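Some notes on the structure that comes next.
Bear in mind that the values here come from a model prediction, so they are computed numbers and not experimental data. Quick note on labels: first sequence line is chain A, next is B, and so on, each numbered from 1. No hydrogens, no waters, no symmetry mates; every other heavy atom, side chains included, goes into these values.
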2 protein chains.
Amino acid sequence: MMMSTSLYQDPHCVVDFALAKLWVDRRAITLTRKEYELLSTLTANAGEIVPRGVLLRNVWGYGPDIRTRTLDVHIRRLRRKLGDYGEQYIETIFGVGYRFQPWREPKAFTVEPPMLRATA
Amino acid sequence: MMMSTSLYQDPHCVVDFALAKLWVDRRAITLTRKEYELLSTLTANAGEIVPRGVLLRNVWGYGPDIRTRTLDVHIRRLRRKLGDYGEQYIETIFGVGYRFQPWREPKAFTVEPPMLRATA
DNA sequence: GGAAGTTGTGAAAGATTTGTAAAAAGCGGG
DNA sequence: CCCGCTTTTTACAAATCTTTCACAACTTCC
């Protein structure tokens, strides 16, 4: 039985919620369970801030009174697995939480410098 | 369109659900009943993760509260019978279950080294 | 600039899951 | 019953994942 797969998708990154898989630039990346749940929560709210408390509750089942750094560590490992885009994809909102930013083409500064006219 | 005998098939491995038989590289392999049921369940969902719980329920009829290592032992024997491909075919998804991966040609890295150009 | 609080990070410790060999337990036909 | 084969359990070893720790780096606010 084939149902259309639910996934997050942009030019560089695909997350398949059904297969629990991640691809970055066509390359398959293995995620651990916690990494996957964390990324799922973030991409499910792509573009929106997800507060630390919400992540700790949804992914870890922690209450509001638990102090841990495990979220930070997992964020770090996710960023790593997202390769060069890690920093761009997962944004830190200081004092609040994190936000997964859908891919946006970088300004083309280095690619196509503004009018290098032959000349002088 | 007619639906011929139901079987799983790839360049190295054929599983015939009707005959309850397995061939690896043209060689017939005898499977015990449990081995066969396990392999059937896995190949029937080739490419997809099958959670431990599902296997324990489908193949053994166990409920979610039963702790046993018999699944692991059977996986091991299946891998053995699949010969050199055992590890490649049956993938462990840590903390989740197993996945039967259809055959894929290995990357040809060693076969055709990237351009050794004569020169300098 | 300095204090207080927050996040980043590598490494270590802890916890859980899976692999495996070998022994024990089941099972069906003689 | 007894035998041969299959299946399950047992008991560790090994692999993998998760969390903590200690400290560096960074933010914010005064």
- Residues two or more places apart in sequence or in another chain: which of them pass ring pair (Phe, Tyr, Trp, His ring centres under 6.0 Å) with A:His74?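 Partners of A:His74 by the ring pair (Phe, Tyr, Trp, His ring centres under 6.0 Å) criterion, ordered by chain and then number, come out as A:Trp60.
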- Task: Applying ring pair (Phe, Tyr, Trp, His ring centres under 6.0 Å), name anything that partners A:Tyr8, two or more places apart in sequence or on another chain.
- Result: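 Listed in chain order: A:Phe100.
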- Message: For residues 16-55 of chain B, which residue pairs pass the ring-ring contact (aromatic ring centres under 6.0 Å, His included) check, not counting sequence neighbours?
- Response: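 For residues 16-55 of chain B, and leaving out neighbouring residues, there are no ring-ring contact (aromatic ring centres under 6.0 Å, His included) pairs at all.
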- Can you list the steps and then say if B:Leu55 with B:Leu42 is a side chain to side chain contact (heavy atoms under 4.5 Å, CB included)? CA-CA 8 Å; B:Leu55 293 170; B:Leu42 289 174; 4.1 Å; yes
- Query: Are A:Lys81 and A:Glu35 ion-paired here, with the side-chain N under 4.0 Å from a carboxylate O?
  - Reply: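 Judged by the 4.0 Å cut-off on N to carboxylate O distance, A:Lys81 and A:Glu35 do form a salt bridge.
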- Message: Check this for me, if you would: do A:Arg77 and A:Asp72 make a salt bridge, where the nitrogen-to-carboxylate-oxygen distance has to be below 4.0 angstrom?
- Response: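 Salt bridge between A:Arg77 and A:Asp72, a charged N being under 4.0 Å from a carboxylate O: no.
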- Identify, between B:Val96 and A:Phe94, the residue whose nearest nucleotide on DNA chain C lies closer to the 5' end.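 On the 5' side of the pair lies A:Phe94.
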- Span of DNA chain D in contact with chain B (heavy atoms, under 4.0 Å):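 So the outermost contacting nucleotides come out as D:dT6 to D:dC17.
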- Check DNA chain C against residues 35-67 of chain B and give the residues with a non-hydrogen atom under 4.0 Å, in numerical order.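 B:Arg52, in order of number.
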- Query: Are B:Asp10 and B:Tyr89 close enough that a side-chain donor and a side-chain acceptor fall under 3.5 Å?
  - Reply: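 Present: a donor and an acceptor within the cut-off.
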- Message: What is the distance, to the nearest angstrom, from the CZ atom on A:Arg33 to the P atom on C:dT17?
- Response: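 Going from CZ in A:Arg33 over to P in C:dT17 covers 8 Å.
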- Query: In a check of side-chain hydrogen bond (donor to acceptor under 3.5 Å, both in side chains) between B:Thr92 and each of B:Glu87, B:Arg79, B:Arg99, which one passes?
  - Reply: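 Only match with B:Thr92 under side-chain hydrogen bond (donor to acceptor under 3.5 Å, both in side chains): B:Arg79.
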- Distance-minimising heavy-atom pair for B:Leu22 and B:Cys13: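 Reported closest heavy-atom pair: CD1-SG, 3.8 Å.
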- Message: Counting only heavy atoms and a strict 4.0 angstrom limit, can you tell me which residues of residues 68-84 of chain B come near DNA chain D?
- Response: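 Within this stretch, B:Thr68, B:Arg69, B:Thr70, B:Val73, B:His74, B:Arg77 sit under 4.0 Å of the strand.
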